Amino acid sequence: MRLSRSLIPTIKETPAEAQIVSHRLMLRAGLIRQQSSGIYAWLPAGLRVLHNIANIVRAEQARAGAQEILMPTIQSADLWRESGRYDAYGPEMLRIRDRHDREMLYGPTNEEMLTAIMRDSVQSYRDLPQMLYQIQWKFRDEVRPRFGVLRGREFYMKDGYSFDLDYASAVSSYRRMMLSYMRIFRDMGVRAIPMRADTGPIGGDLSHEFHILAPTGESGVFYDKAFETIDLGDDTYSYESQTDLDVFFDHMTSLYAATDEKHDIDAWSKIPEADRREGRGIEIGQIFYFGTKYSEKMGFAVVGPDGAKIHPEMGSYGIGVSRLTGAIIEASHDDAGIIWPDAVAPFRAAILNLRQGDATTDALCEKAYASLGDCVLYDDRPARAGEKFVDADLMGHPWQIIVGPRGAVNGMVELKRRRTGERAELSLEDALAKVRG
RNA sequence: CGGGGCGUGGCGCAGCCUGGUAGCGCGCUUGUUUUGGGUACAAGAGGCCCCCGGUUCGAGUCCGGGCGCCCCGACCA
């Protein structure tokens with residue numbers, strides 16, 4: 001994209017309402033604009049990040065055997081009466097009425113709806129197991145939204161659901177999702193740690209939360225340093241191998257990891273001091289096994305091989321996609337601005353034209369832009385160099401291709417790596433090769 | 001839901017106590033200048049001072065009632 005023709009409204013001063021760093025930077029870098037408390041509009045650069053994150057989720061979920069679907073945001077209250085959650089959920093659920101005075105709601109999660117879909121569509125044990133997910137907007141009317149997209153009321157979330165014939169199979173699905181989640185977060189360039197968790201209103205008896213480490217995280221976390229060097233490779237663990245999934249799960253759950261709420265001093269003290277790590281974490285995902293809670297209440301059963309009815313064992317699996325955009329910034333920034341991991345950056349690189357209007361410089365920039373295409377942001381504004389440097393650092397592009405008249409006459413540019421600050425004088429061709437990776 | 005704070009050009013704020021022509025910095029527009037880390041000068045544009053009501057000759061300012069937003073706590077993907 002050409003910055004001169006893009007709506008990426010960076011701002012110099014810190015908006016008064018933004019207290020934490022990711023919120024400030026998302027506003028300043030022109031990623032989002034607030035519309036109401038806890039409700040945000042996503043501008044072009046912000047939406048690209050959201051899509052990048054969602055696509056990483058899609059790719060790895062597909063490999064784990066999950067199918068993508070899309071369910072509506074608006075649901076019928078009747079559905080939730082079947083599970084008993086219409087009354088149980090409380091004021092976090094946004095309840096609305098349509099013109100015929102029918103009770104509706106803006107979905108905060110989708111166990112009921114998908115169970116109903118399955119009930120209508122699946123009758124035989126031969127059709128299970130199934131693993132389905134969607135990436136869709138949710139609404140939870142938080143008492144006190146804050147921290148920008150980290151605690152919005154409207155949020156973009158991946159929610160997945162597994163349906164299995166028996167407990168063993170359900171546990172296998174759960175373990176497969178745990179592996180998939182760890183790989184998803186790795187692919188985004190952040191380190192996540194699974195921690196045993198309470199199940200909350202979703203119900204059930206097996207649950208883990210995933211936290212990514214960030215100095216500004218909401219909760220204190222305690223973990224074994226082995227999490228810093230976890231091997232998640234395809235050669236080590238296969239989704240197809242039950243043994244692999246079990247080994248992986250045992251490895252994850254045998255290592256100590258707890259938020260401050262669940263911290264166990266005794267267990268902690270048994271870990272060699274050199275292996276203990278303390279930090280702050282932001283929850284970016286949670287997985288649950290909850291058995292037949294919904295399939296029984298909502299009358300979803302399949303006929304088994306012996307003709308008997310079987311209520312499928314279910315689990316659900318969430319990733320806060322919009323929250324991740326903020327969480328990644330919390331984990332990856334400096335005083336100058338965002339430092340995007342390559343995989344989620346809105347643009348792989350920015351081309352900084354330091355002398356807009358200088359024929360040689362312009363030509364070299366155009367060449368770079370034509371070569372890299374949509375994955376770069378070409379700063380072709382008639383602005384001063386300093387302003388372009390500052391904005392590029394703020395927006396956090398992994399690479400900056402700095403083109404000025406001094407080097408341009410020889411076809412040379414300066415390539416800067418945002419994360420390390422390293423710079424090198426290179427020919428344009430060499431710089432482009434590096435940016436392409 | 002308890003406690004606190006704030007609503008004044010796009011952004012950050014002053015003015016309110018003590019009522020009397022709506023200000024500052026940044027940004028924006030035009031020109032000159034400058035040109036490798038937010039240049040300097042000049043000239044401009046831009047404001048139902050959150051809303052409604054009251055007091056007053058006169059309200060951004062005082063009083064009452066709303067609405068919105070933020071922060072701390074409890075709660076939470």
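Residue numbers start from 1 in every chain, and the chains themselves are labelled A, B, ... in the order their sequence lines are given, proteins ahead of strands. In this text, all values refer to a predicted model and were calculated from it rather than measured experimentally.
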Revision key, fill the gap. Against the side chain of A/D393, the closest entry in B/C13, B/C75, B/G37 is B/G37

Practice item. Report yes or no: do A/S207 and A/Q286 form a side-chain donor-acceptor pair below 3.5 Å? Key: yes

Any N/O pairs under 3.5 Å between the protein and nucleotides 32-35 of chain B? List them or say none.
from	atom 1	to	atom 2	distance (Å)
B/U34	O2	A/R384	NH1	2.6
B/U35	O2'	A/R355	NE	3.1
B/U35	O2'	A/R355	NH2	2.8

Practice item. Could you tell me the separation between the CZ atom of A/R140 and the P atom of B/C75, rounded to a whole number of Å? Key: 17 Å

Check your understanding: Choosing from B/C69, B/C72, B/G38, which nucleotide comes nearest the side chain of A/Q34?
Key -> B/C69

Exercise for review: For the side chain of A/E13, starting at C-beta, report the closest nucleotide among B/C1, B/C75, B/G25.
Suggested key: B/G25

Point to revise | Atom-pair distance (NZ on A/K12; C1' on B/C13), nearest Å | key: 16 Å

Review point. Going by the angle between their ring planes, with limits at 30° and 60°, are A/W268 and A/H263 parallel, tilted or perpendicular?
Key: perpendicular

Practice item. Please report, rounded to the nearest Å, how far the P atom of B/G27 is from the CZ atom of A/R381. Key: 13 Å

Revision key, fill the gap. From CG of A/D391 across to P of B/G37 the rounded distance in Å is 15 Å

Exercise for review: Looking at every strand, decide which applies to A/I319 at a 4.0 Å heavy-atom threshold: base, sugar-phosphate, or nothing.
Suggested key: nothing

Check your understanding: Among B/C71, B/G37, B/G12, which nucleotide sits nearest the side chain of A/R423?
Key -> B/G37

Review point. B/C70 phosphate, OP1 or OP2: any side-chain N/O from A/S37 under 4.0 angstrom?
Key: yes

Review point. Do any of residues 411-419 of chain A sit with a heavy atom less than 4.0 Å from RNA chain B, and if so which?
Key: A/E414, A/K416

